[in-house]
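We count ligands from 1, going down the list as the structure has it; atoms in each ligand are counted the same way.
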Amino acid sequence: KIQMMPNTSSIKAESPHIVFFPSPGMGHLTPFLRLAAMLASRNCSITLIATQTTVCPADFSEISSFFSSHPEIKRLEFQINQRNTSNSTTDDPFINQFEIINCSVQLLPPLLSSLPQPVSAIFSDFVVAASLTQIAADLGIPHYIVSTTSARCYSTIAYLPVLMSETPAKFSGSSRDIEIPGLAPLPKSIIPPSWLDDLPSNHLLTAYLIPNARSLPKVKGILLNSFNWFEPETIAALMDGRVLSNLPPVFPVGPLQPYKLKNGHHIPWLDDQPAESVVYVSFGSRTAMSNDQIREIGIGLEQSGFAFLWVLKSSKVDENETRELQELLGDSFLESTKKKGMVVRGLVNQEAILAHSAIGGFVNHCEWDSVMEAARQGVPMLAWPQHGDQKMSSEVIENAGLGMWAKDWGWGGESLVKGKEIGERVRELMGNGILRVKAKKVGEEARKAYEFGGSSEKVLMGITEMLKQKD
Ligand code: UDP
Ligand code: UDP
């Protein structure tokens, strides 16, 4: 079923037509919406596939508000077959949804062929790389991937098939650093724990990461949400083909620009706080902490003495968020921190918060979109990686000077981090003048990447030119 938006008249013949195929979850969806809006404003004609999924109710409102603010972008409704769930091999709701989408990808060709304008390229997520490369090749459509992680993590994933075929035991068994050509050695301790589980039953690796990584040589290019200055060595190694000579070219186009500063959820309390005085604490849209850890964070924030804005999640899926603040934190905490801090439930407008002059630091899990947003605003981070590739991102922010990483806290849930320690680190983050200067420098470089002649601006213009020629 194709739903055309009313405004389709002004498509210029020479403008490339790009179909965006994002995957569910804010961390996956957000970079797609941003890049779609950026290319639409650079004279590309854009169709965005809106997949009906069940995992992320927040996606729906994000997608609808995106389309209402971008009437020039066409919406292609994609009904996936939820019944495929019965064959699923995982109980992780996100991986499960990725699987269902992969099983439904064969429904795409008739939809794509029925579009009124020929498709110049399809931009998909890595999670559908393997199933989509063949379909795109059959249709004669160049297929690009929009990477939702750091260049560091992308390059590691791209190299995984080699690591696994040559040295599977070395990969999971040994404690030594992992060597990847052209890149700094990867400490074993920062590899996502879920990659290291025993192979035969490691569904994430065997059914998802490796097959998609194997298909990368068939992809036309990888758009990276990172910029040359931020990850110079890794990006250079990928560009020179030093990691693997058969990988597609990478196009560093980050930090992707917000497509609008969303209005909702304005927090007037912030306006009353002095410049750089508030620590913003959030662990994204999918990470829930244990009740004990939540209480310790509360104690830590109170002891830090700094004003705080804390987005509190006690459940991974927002719909299940039932516990009350009183129950989680206790009345006395809420009473004693009433003037000093704000505890918020649900989603906030993070871009607007990070852009606010009152924010002086950001305690975060270092999921990649958050990193790029902090980089754009030059806000120093205290990295507390919880799972997945977040230690790799923490390494990146440390090297770039954007933040400090509480290495001894380990992964989320690995041990209970005490309030006293949290309070000390928060004080260190907020009081570290050198870090603040370095983080500002990151912000400047991020802005330069998108000035006239900036590295990411040039790459993005190059892509539109390249796709025009394919027309
Ligand atoms: N986000 C937001 N408000 C929230 C949490 C997240 O606007 O309360 C946005 C955030 O700015 C980012 C995206 O959601 O653009 C995804 O966040 P990220 O990748 O950092 O973490 P995840 O939510 O995937 O763990
Ligand atoms: N996970 C999560 N929030 C995230 C990322 C992952 O709750 O933002 C969960 C994920 O669903 C799985 C576990 O953490 O249950 C391990 O995640 P993984 O190492 O696979 O990281 P990912 O590749 O999903 O970032």
Side-chain angles (χ1 to χ4, degrees), residues 22-38 55-63 65-66 92-95 97-98 125-127 146-150 153-154 192 194 225-226 254-267 270 280-289 308-318 321 342-356 359 362-377 379 381-394 396-397 402-403 411-413 446:
S23 294
M26 292 297 268
H28 289 260
L29 180 63
T30 304
F32 278 80
L33 299 184
R34 289 183 179 155
L35 187 59
M38 288 166 75
V55 271
C56 300
D59 287 6
F60 290 116
S61 51
E62 196 63 27
I63 290 181
S65 86
F66 178 77
D92 183 285
F94 286 93
I95 306 259
Q97 205 57 209
F98 294 156
D125 200 308
F126 172 77
V127 305
V146 178
S147 162
T148 56
T149 68
S150 57
C153 181
Y154 162 72
S194 50
N225 184 14
S226 189
L256 295 172
Q257 315 287 293
Y259 56 86
K260 58 171 174 138
L261 277 183
K262 292 169 269 185
N263 25 33
H265 310 291
H266 177 69
I267 300 172
L270 267 185
Y280 167 50
V281 183
S282 170
F283 301 94
S285 57
R286 290 167 60 192
T287 304
M289 300 247 175
F308 59 86
L309 173 61
W310 178 16
V311 184
L312 195 158
K313 266 182 81 76
S314 58
S315 158
K316 191 161 156 183
V317 180
D318 284 327
E321 199 80 87
M342 263 202 80
V343 185
V344 214
R345 312 302 300 273
L347 287 178
V348 295
N349 180 355
Q350 178 158 299
E351 290 161 8
I353 290 174
L354 286 171
H356 200 289
I359 299 296
F362 183 17
V363 181
N364 180 252
H365 59 332
C366 269
E367 186 71 19
W368 195 246
D369 288 314
S370 288
V371 170
M372 279 296 108
E373 288 162 12
R376 276 191 80 239
Q377 301 300 340
V379 176
M381 300 180 82
L382 168 57
W384 185 358
Q386 300 291 308
H387 41 62
D389 65 346
Q390 293 160 9
K391 282 193 184 175
M392 292 191 200
S393 310
S394 305
V396 173
I397 66 144
L402 183 61
W411 294 105

Original post:
Within the structure, does His365 bring an N/O atom to less than 3.5 angstrom of an N/O atom in ligand 1?
Top reply: yes

Original post:
Can you list the ligand 1 atoms lying under 4.0 Å from a non-hydrogen atom of Ser370?
Top reply: 18 (P), 20 (O)

Original post:
With only distance considered, is Thr287 within less than 3.5 Å of ligand 1 through an N or O on each side?
Top reply: no

Subject >> N or O contact, Val348 vs ligand 1, cut-off under 3.5 Å >> reply: yes

**OP:** Compare every heavy atom of Met381 with every heavy atom of Cys366, then report the nearest pair and how far apart it is.
**Re:** SG-CE, 4.1 Å

Original post:
How does Leu347 reach ligand 1, by side chain, by backbone, by both or by neither, if only non-hydrogen atoms under 4.0 Å count?
Top reply: both

**OP:** For ligand 1, find out whether one of its N or O atoms is nearer than 3.5 Å to an N or O atom of Ser285.
**Re:** yes

Original post:
Contact between Arg34 and ligand 1, counting heavy atoms under 4.0 Å?
Top reply: yes

Subject >> From CA spacing to verdict: side chain to side chain contact (heavy atoms under 4.5 Å, CB included), Met372, Leu256 >> reply: CA-CA 8 Å; Met372 279 296 108; Leu256 295 172; over 6 Å; no

Original post:
Considering only heavy atoms of Gly27, which atoms of ligand 1 have at least one such atom less than 4.0 Å away?
Top reply: 16 (C), 19 (O), 24 (O)

Original post:
When the ring planes of Tyr280 and Phe362 are compared, do they come out parallel, tilted or perpendicular, using 30° and 60° as the limits?
Top reply: parallel

Subject >> Nearest heavy atoms of Met26 and Ser285, plus distance in Å >> reply: CB-OG, 3.7 Å

Subject >> Glu373, any N or O under 3.5 Å of ligand 1 N or O >> reply: yes

Original post:
Between the main-chain N or O of Pro24 and the side-chain N or O of Asp59, is there a donor-acceptor pair closer than 3.5 Å?
Top reply: no

